[in-house]
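All values below were derived from every heavy atom in this structure, side-chain atoms included, with hydrogens, water molecules and symmetry-related copies excluded. Every chain is numbered from 1, with letters handed out A, B, ... down the list of sequences.
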Amino acid sequence: MAREKVKALLAREAAGGTVTVQGWVRTARHGKEVSFLEVADGSCFAGVQVVAGPELANFETCVRSVRTGCAVSATGTVVDSPGKGQRFEIQAQALELIGPVADDYPLQKKRHSFEFLRTIAHLRMRTNTLGAIVRVRNAASRAIHDFFQARGFLYLHTPIITMSDAEGAGELFRVTEFDPDTAPKKDGKTDFSQDFFGGESFLTVSGQLEAEIGALSMSDVYTFGPTFRSENSNTSRHLAEFWMVEPESAFCELEGLVDLAEAFLKEIFQRVLADCPDDMQFFNDRIDNSVLETLRHIIETPFERITYSEAISILEGSGQDFEFPVSWGVDLQSEHERYLAEEHIKRPVVVVDYPASIKAFYMYKNDDDRTVRAMDVLVPRVGEIIGGSQREHRLDILRERMRAQGLPEDHYWWYLDLRRYGSVPHAGFGLGFERVVQFMTGMANIRDVMPFPRVPGSAEF
RNA sequence: UCCCCGGUAGCUCAGUUGGCAGAGCAAGCGGCUGUUAACCGCUGGGUCGUAGGUUCAAGUCCUACCCGGGGAGCCA
């Protein structure tokens, strides 16, 4: 008999008929005359209750030994459950133990700490929380593609290995074929001209520069892929390997970019709430009881838009005792961002037109000659969730800014070429996918929203 | 990288003034006629993170290191 996923089974209109479900036992409760097995298969938050009695030939020899973690296949009739806690259950006609578990199976029918679950990442997706995370990641990923596809953005596959140590965006992981002990030397230094790519190469820290190439041919593109930072950051918000979403749009200026970012966040949140109601309810009940209200509020409310200068005025007049003092020209710290979004404006706020001195060389310089067209989307609880900018498309000004920051033009010859051949205003933003999942679910540590997190000192699994 | 906190059974934790290593859950065995993290009884289970030091005696005090967590910085 063909298998039916638990999600499809629980979505049925009414009981009746025979079904086969296959999955892993969440909990097993055995009585003398009856056994209750909760079987989950990952298709949805809930499992289905399988009821097995002595009429099964293997009841004594097999069924009663089934316990948490066992893989089973159950065939039976779908009936309305007389017990509380579930609508349907399966009255088993046959139950096969496909994969028993050894005595030292580490998952129990109780709460485990997330720290412990990280040490058993090969099993933790069987828990409520990590299972829900995987489904939310899936729904959010699909929503991201749908959002851009519906607007005519092309999915551009940007490289993971790169030779440009672009934009000083953190430390890079080196990619090399050399054995460290026998690498060829030249003038006392490793001679990477003999390496695989004929020069130093690294794992990408951003697809932005390549996305700009795409936008200046294809109009609207986006990337959605892994990025890597070799920074020794030990926090609940950083990973060495994370997924980043980066749209880039030609014939688009800063205001259009802010519109895009606002529509983007609202649609992703809306879609995850619609596609994963049980998972999101679980996060609201057990992880953070404000996430549903927060997401609905963001979906319904227009984002506030202010300039960096206005933000500084607000902060200076706030009467708050900040750890980092505020004045025009300093970068906004986490505490400042959170004050703006949580205390003062109480909803998502987009801050634009930052001082040129604290932003990257590729951002479009305003006529005031001291600010650039950068934008950050700040949300309550986490602060910055999106960062982006209109790009500098004027060749002379771009070269001037590169010179000012000591960047070698020959490394960026193709980036500069784009400003010589049919350059147009364009803009784009980036957001860390895991940060968005963290925000949506209320999960405290980013290592628990990534199936296989990479952090300093740890790349197991 | 910096600051703070922690590491005791498979898991979550207690362990008093330095004086016999503990509980709940899990596991094994038995019981229980519909359970919902089921329930009841019994049994097994320990290099107290590692290495030194102080002491008649160290889970407990001291030093170094390792690992984990929270916060900060950097950032996404």
Side-chain angles (χ1 to χ4, degrees), chain A residues 25-38 46-54 64-65 67-69 79-86 89 91 101-120 123-124 127-128 167-171 204-208 225-246 286 323-324 331-335 337 358-360 376-379 382-388 429-439 444-450 455-458 460:
Chain A
V25 173
R26 279 272 181 76
T27 70
R29 295 176 290 277
H30 299 290
K32 189 177 188 181
E33 298 289 326
V34 64
S35 286
F36 300 94
L37 310 176
E38 189 192 347
V48 65
Q49 175 159 280
V50 174
V51 185
R64 284 172 61 84
S65 71
R67 55 195 186 81
T68 302
V79 299
D80 290 313
S81 178
K84 291 177 181 172
Q86 60 278 321
E89 64 187 27
Q91 187 65 50
V101 294
D103 288 349
D104 58 355
Y105 185 64
L107 288 174
Q108 301 171 24
K109 333 176 232 197
K110 68 166 203 171
R111 222 193 133 274
H112 289 288
S113 69
F114 290 126
E115 293 81 11
F116 171 64
L117 292 177
R118 276 172 223 150
T119 69
I120 51 168
L123 298 170
R124 69 175 181 164
T127 63
N128 282 335
E167 50 168 327
E171 300 293 309
T204 185
V205 293
S206 164
Q208 181 198 314
T227 49
F228 309 87
R229 305 278 168 91
S230 172
E231 273 151 10
N232 193 10
S233 309
N234 276 293
T235 83
S236 56
R237 304 179 309 284
H238 289 86
L239 293 165
E241 176 179 307
F242 63 98
W243 286 64
M244 193 143 69
V245 179
E246 294 174 292
R286 296 295 181 86
E323 186 184 345
F324 294 89
D331 206 356
L332 298 181
Q333 302 292 320
S334 312
E335 57 175 344
E337 295 177 344
I358 59 171
K359 289 294 184 181
D376 284 351
V377 180
L378 313 180
V379 293
V382 298
E384 181 185 334
I385 197 165
I386 285 181
F429 65 74
L431 89 164
F433 183 63
E434 282 70 27
R435 294 253 178 104
V436 173
V437 176
Q438 240 187 315
F439 180 70
N445 197 311
I446 201 167
R447 298 167 195 204
D448 301 319
V449 301
M450 180 69 135
V455 295
S458 171
E460 208 175 5

Listing time: all N or O pairs from protein to nucleotides 2-7 of chain B that are below 3.5 Å?
none

Assess the residue pair Val48(A) and Gln86(A) against the criterion (side-chain contact (heavy atoms from CB on, under 4.5 Å)); give the C-alpha distance rounded to whole Å, side-chain angles, the decisive distance to 0.1 Å, and a yes or no. CA-CA 8 Å; Val48(A) 65; Gln86(A) 60 278 321; over 6 Å; no
Return no unless some side-chain N or O of [X] is found under 4.0 Å from OP1 or OP2 of [N].
| X | N | result |
| --- | --- | --- |
| Thr27(A) | rA38(B) | yes |
| Arg118(A) | rG69(B) | yes |
| Arg67(A) | rA27(B) | yes |

Roughly how far, to the nearest 0.5 Å, is the [atom2] atom of [Y] from the [atom1] atom of [X]?
| X | Y | atom1 | atom2 | answer |
| --- | --- | --- | --- | --- |
| Gln438(A) | Ile446(A) | CD | CD1 | 4.5 Å |
| Arg26(A) | Leu37(A) | CZ | CG | 13.5 Å |
| Lys109(A) | Arg29(A) | NZ | CZ | 7.5 Å |
| Arg229(A) | Ser206(A) | CZ | OG | 7.0 Å |
| Phe36(A) | Glu89(A) | CZ | CD | 7.0 Å |

Taking atom [atom2] of [N] as reference, at what distance in whole Å does atom [atom1] of [X] sit?
| X | N | atom1 | atom2 | value |
| --- | --- | --- | --- | --- |
| Lys359(A) | rA76(B) | NZ | C1' | 12 Å |
| Arg229(A) | rA76(B) | CZ | P | 5 Å |
| Arg124(A) | rC11(B) | CZ | P | 17 Å |
| Leu117(A) | rG10(B) | CG | P | 17 Å |
| Glu231(A) | rC74(B) | CD | P | 11 Å |
| Glu171(A) | rC75(B) | CD | C1' | 12 Å |
| Glu460(A) | rC67(B) | CD | P | 13 Å |
| His238(A) | rG71(B) | NE2 | P | 12 Å |

Would you write the dot-bracket representation of RNA chain B, where each base gets (, ), [, ], | or . depending on whether it forms a Watson-Crick or G-U pair under 3.5 Å and with which partner? (((((((..((((.....[..)))).(((((.......))))).....(((((..]....))))))))))))....
Identify the two heavy atoms, one from [X] and one from [Y], that lie closest to each other, and give their separation to 0.1 Å.
| X | Y | result |
| --- | --- | --- |
| Arg118(A) | Asp448(A) | NH2-OD2, 2.6 Å |
| Glu241(A) | Met450(A) | O-CE, 3.3 Å |
| His238(A) | Val455(A) | O-CG1, 4.0 Å |
| Trp243(A) | Glu434(A) | N-OE1, 3.0 Å |
| Arg447(A) | Arg124(A) | O-NH2, 3.3 Å |
| Thr68(A) | Thr27(A) | OG1-CA, 3.9 Å |

Out of rG10(B), rC75(B), rG73(B), which nucleotide sits closest to the side chain of Gln108(A)?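 Looking only at side-chain atoms, Gln108(A) lies closest to rG10(B).
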Selected nucleotide, minimal atom distance to Ser236(A) side chain, candidates rG70(B), rG73(B), rG69(B):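 The nucleotide sitting nearest to the side chain is rG70(B).
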So what does [X] hit on the nucleic acid, given a heavy-atom distance under 4.0 Å: a base, only sugar-phosphate, or nothing?
| X | value |
| --- | --- |
| Phe439(A) | nothing |
| Asp103(A) | sugar-phosphate |
| Ile386(A) | nothing |
| Arg447(A) | sugar-phosphate |

Hey, which sits more toward the 5' end of RNA chain B by its nearest nucleotide, Tyr105(A) or Ala28(A)?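 This one resolves to Tyr105(A).
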When the [atom1] atoms of [N] and [M] are considered, how many whole Å apart are they?
| N | M | atom1 | answer |
| --- | --- | --- | --- |
| rU60(B) | rU1(B) | C1' | 32 Å |
| rC20(B) | rA37(B) | C1' | 35 Å |
| rU8(B) | rC2(B) | C1' | 30 Å |
| rC66(B) | rC29(B) | P | 44 Å |

N/O to N/O distances under 3.5 Å, protein versus nucleotides 12-15 of chain B:
residue, atom, partner, partner atom, Å
rU12(B), OP1, Ser113(A), OG, 2.6

Run Glu384(A) and Leu332(A) through side-chain contact (heavy atoms from CB on, under 4.5 Å) and show every step you take. CA-CA 10 Å; Glu384(A) 181 185 334; Leu332(A) 298 181; over 6 Å; no
side-chain contact (heavy atoms from CB on, under 4.5 Å) assessment of Asn232(A) paired with Glu171(A): CA-CA 9 Å; Asn232(A) 193 10; Glu171(A) 300 293 309; over 6 Å; no
Scan nucleotides 41-51 of chain B against the protein and return all N/O pairs shorter than 3.5 Å with their distances rounded to 0.1 Å.
none

Under-3.5 Å N/O pairs linking protein and nucleotides 30-36 of chain B:
residue, atom, partner, partner atom, Å
rC32(B), OP1, Lys32(A), NZ, 3.4
rC32(B), N4, Arg64(A), NH2, 3.4
rG34(B), N1, Glu89(A), OE2, 2.8
rG34(B), N2, Glu89(A), OE1, 2.7
rG34(B), N2, Glu89(A), OE2, 2.9
rU35(B), O2', Arg29(A), NE, 3.0
rU35(B), O2, Arg29(A), NE, 2.7
rU35(B), O2, Arg29(A), NH2, 2.8
rU35(B), O2, Gln49(A), OE1, 3.4
rU35(B), N3, Gln49(A), OE1, 3.1
rU35(B), N3, Gln49(A), NE2, 3.0
rU35(B), O4, Gln49(A), NE2, 2.8
rU35(B), O4, Gln86(A), NE2, 3.4
rU36(B), O4', Arg29(A), NE, 3.4
rU36(B), O2, Gln86(A), OE1, 3.2
rU36(B), N3, Lys84(A), O, 2.6
rU36(B), N3, Gln86(A), OE1, 3.4
rU36(B), N3, Gln86(A), NE2, 3.3
rU36(B), O4, Lys84(A), N, 2.7
rU36(B), O4, Lys84(A), O, 2.7
rU36(B), O4, Gln86(A), NE2, 3.4

With sequence neighbours left out, write down each residue that passes side-chain contact (heavy atoms from CB on, under 4.5 Å) with Thr204(A), or none if nothing qualifies.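 Checked Thr204(A) against side-chain contact (heavy atoms from CB on, under 4.5 Å); matches are Thr162(A), Thr227(A), Phe228(A).
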For Val436(A) and Ile386(A), what are the C-alpha separation, side-chain angles and deciding distance, and is it a side-chain contact (heavy atoms from CB on, under 4.5 Å)? CA-CA 9 Å; Val436(A) 173; Ile386(A) 285 181; over 6 Å; no
Can you say whether a donor on the side chain of Ser233(A) sits under 3.5 Å from an acceptor on the base of rC74(B), or the other way round?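 Side chain to base: pair present.
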